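Below: one structure, written as structure tokens.
When reading the values below, keep in mind they use all heavy atoms of this one structure, side chains included, and skip hydrogens, waters and symmetry mates. What you see is a predicted model, and the numbers here were worked out from it, not measured in a lab. Numbers for residues simply follow the sequence, beginning at 1.
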Amino acid sequence: MVAGTGLSLTQLSLAAAGVSTEQASAAAGAAQKSTSGRKVELFAHRGASALRPEHTLASYAKAIADGADFIEPDLVSTKDGVLVARHENFLNETTDVALHPEFAARRVTRTIDGMTLNGWFSEDFTLAELKTLRAVERLPKVRPQNTQYDRMFQILTWDEIIDFAAANAATTGKVIGLIPELKHSTYFAAIGLPLEDRFLASIAAHEYTRRCPLVVQSFEVANLKYLRSVLGKRPNIRLMQLVERGRPADVVAAGGDLTFEKMCTPQGLKEMARYADIVAPPTRALIPLLADGRLGQPTALIADAHAAGLLVHTWTFRPENRFLAADFRNDQGEDARHDSGSVAEMRRYIEAGIDGFFSDDSALGRRAIDG
């Protein structure tokens with residue numbers, strides 16, 4: 001997920017709903033009132049990824065220590081059908097695969113969900129082979145302090161993350177929620193490595209996932225509908241429909257015309273509520289940026305989603321100036337952290353009525369929620 005996207009989603013969803021700026025502001029005020037007293041949930045985005053390389057034990061452990069309610073693993077498949085935690089199946093940016101001459105011949109060019117990439121991909125490696133790789137910082141120029149942890153940690157399986165969360169809960173007495181995202185479901189199904197049934201088998205096999213808070217996310221639609229048909233309504237499980245711009249990958253593959261913008265109209269949200277519990281737009285779809293880069297007024301999306309019976313969670317808050325709205329930055333440089341500015345920005349969204357959010361720094365997210 002990339003922070004700062006989704007402005008066109010805001011504009012189109014407002015236009016489709018016939019909402020003026022004034023109406024949107026009033027609706028946001030109503031959303032704030034409707035969520036007063038409601039728990040705001042904190043999701044550790046790939047762990048504490050502002051402080052440790054993402055999807056590593058160090059990142060998850062730091063996020064839990066800093067007060068996250070949930071830790072997030074993005075799930076992709078290995079060649080032998082094991083679910084592992086990587087933001088994408090593209091391994092170049094988050095592992096040291098390029099330093100392994102034994103895998104040089106596996107470098108290929110592939111188009112996945114409309115994006116063409118050249119490098120190494122999880123589906124070309126068995127789990128045993130992936131375990132010989134080590135995680136590295138994805139944004140070394142922005143977060144150079146994190147590179148001290150490069151090559152310290154293995155690639156984690158989904159099963160290992162479940163056990164890690166369960167161990168933390170058993171040690172501390174605090175139940176840690178899990179919020180996995182199923183990545184590129186249509187793509188993986190097309191190459192004979194469907195994710196959904198493996199995922200369902202895994203959560204049935206672990207005692208912890210039969211009772212802990214579990215939120216399953218996807219940018220696709222068909223996989224969430226399938227999961228709902230199998231799981232039904234369980235007290236510990238919720239389904240989250242992620243939205244951005246354009247069309248979901250499964251809709252594109254099927255030749256459909258459903259867009260994320262249509263999904264975020266009042267009628268689209270009502271349809272979404274038939275299979276999902278949560279809608280998760282990017283931050284700027286909820287409070288867009290003005291021409292000068294400062295935060296504008298909230299759109300009607302929060303109020304519309306609540307009216308449809310959906311919770312609203314948003315992504316992603318990051319503490320560096322380059323990711324903050326202009327009114328929350330300091331003058332220390334684009335890549336400098338501005339902790340108080342980040343907390344203030346998160347509070348603006350909480351005041352607008354969101355029910356939860358993803359943060360790269362759980363300690364700051366906790367400050368924003370607890371006040």
#### Entry: Trp315 ring center near Phe219 ring center (under 6.0 Å)
yes
### Message
If the threshold is 4.0 Å, N to carboxylate O, is there a salt bridge linking Glu207 and Arg211?
### Response
yes
### Task
State, without any angle test, whether Glu220 and His184 hold a side-chain donor-acceptor pair at a distance under 3.5 Å.
no
### Message
Salt bridge check, Glu334 against Arg322: does any charged N sit closer than 4.0 Å to a carboxylate O?
### Response
yes
### Message
If the threshold is 4.0 Å, N to carboxylate O, is there a salt bridge linking Asp360 and Arg143?
### Response
yes
### Query
Any donor-acceptor pair under 3.5 Å linking the side chain of Asp96 with the backbone of Arg134?
yes
### Task
Could you tell me whether the side chain of Arg366 and the main chain of Ala68 form a donor-acceptor pair under 3.5 Å?
no
### Query
For the rings on Phe43 and Phe357, is their centre-to-centre separation under 6.0 Å?
no
### Task
Begin from the C-alpha positions of Leu295 and Asp327 and carry the test side-chain contact (heavy atoms from CB on, under 4.5 Å) through to its verdict.
CA-CA 7 Å; Leu295 283 186; Asp327 36 339; 4.1 Å; yes
### Message
Given 3.5 Å as the limit, does a donor-acceptor pair link the side chain of Asp250 with the main chain of Ala222, or not?
### Response
yes
### Under 3.5 Å side-chain donor-acceptor pair for Gln241 and Ser218
no
#### Entry: Short side-chain to backbone donor-acceptor contact, Thr209 and Ile203, under 3.5 Å
yes
### Message
Check Asp304 with Lys270, please: is the shortest side-chain N to carboxylate O separation under 4.0 Å?
### Response
no
#### Entry: Side-chain donor-acceptor contact under 3.5 Å, Arg52 with Asn146
no
### Query
Would one find more than 12 heavy atoms of other residues, nucleotides or ligands at under 6.0 Å from atom NZ of Lys131?
yes
### Query
Is a donor on one side and an acceptor on the other found under 3.5 Å between the side chain of Ser229 and the backbone of Tyr226?
yes
### Query
Could you go step by step and tell me if Thr78 and Asp80 meet the side-chain hydrogen bond (donor to acceptor under 3.5 Å, both in side chains) rule?
CA-CA 5 Å; Thr78 66; Asp80 45 349; 2.6 Å; yes
### Task
Look at Arg284 together with Glu345 and state whether they make a salt bridge at an N to O cut-off of under 4.0 Å.
yes
### Query
Looking only at side chains, do His306 and Asp355 share a donor and an acceptor under 3.5 Å apart?
yes
### Message
Would you say the ring centers of Tyr349 and Phe317 fall short of 6.0 Å from each other?
### Response
yes
### Message
Looking at Pro281, is its backbone amide N or carbonyl O close enough to the side chain of Thr314 to form a donor-acceptor pair, meaning the two atoms are under 3.5 Å apart?
### Response
yes
### Message
With a 6.0 Å cut-off (strictly less than), is the heavy-atom count around NZ of Lys174, excluding the residue itself, greater than 12?
### Response
yes
### Message
Side chains of Gln154 and Glu160 only: does a donor on one sit below 3.5 Å from an acceptor on the other?
### Response
no
### Carboxylate-amine/guanidinium proximity below 4.0 Å for Lys39 and Asp69
yes
### Task
Return yes if some donor-acceptor pair links the side-chain N/O of Arg46 with the main-chain N/O of Pro73 below 3.5 Å, else return no.
no
### Query
Has the side chain of Lys262 got a donor or acceptor atom that lies under 3.5 Å from a matching backbone atom of Gly268?
no
### Task
Examine the side chains of Tyr187 and Glu123 and answer whether a donor and an acceptor come within less than 3.5 Å of each other.
yes
### Message
Before we go on, tell me: are the rings of Phe199 and Trp158 under 6.0 Å apart, centre to centre?
### Response
yes
#### Entry: Salt bridge present between Arg106 and Asp124 (N-O < 4.0 angstrom)
no
### Message
Here's one to test your reading of the geometry: is the NZ or CZ of Arg247 within 45 degrees of the ring axis of Phe260 and under 6.0 Å from its centre?
### Response
no
### Message
Before you tell me yes or no, could you show the steps for Thr111 and Thr116 under side-chain hydrogen bond (donor to acceptor under 3.5 Å, both in side chains), namely the whole-Å CA-CA distance, both residues' side-chain angles and the distance that decides it to 0.1 Å?
### Response
CA-CA 4 Å; Thr111 300; Thr116 300; 2.7 Å; yes
### Task
Measure the shortest side-chain to side-chain distance between Glu54 and Glu137 over non-hydrogen atoms and say whether it is less than 4.5 angstrom.
no
### Side chains of Asn330 and Asn321, donor plus acceptor under 3.5 Å
yes
### Task
Taking atom types as modelled, find out whether Asn89 and Ser122 have a side-chain donor-acceptor pair closer than 3.5 angstrom.
no
### Pair Arg274 + Glu271, salt bridge at N-O below 4.0 Å
yes
### Message
Check whether Thr126 reaches the backbone of Glu129 with its side chain - one donor and one acceptor, N or O, closer than 3.5 Å.
### Response
yes
### Message
Between Thr56 (side chain only) and Pro53 (backbone N and O only), is there a donor and an acceptor less than 3.5 Å apart?
### Response
yes
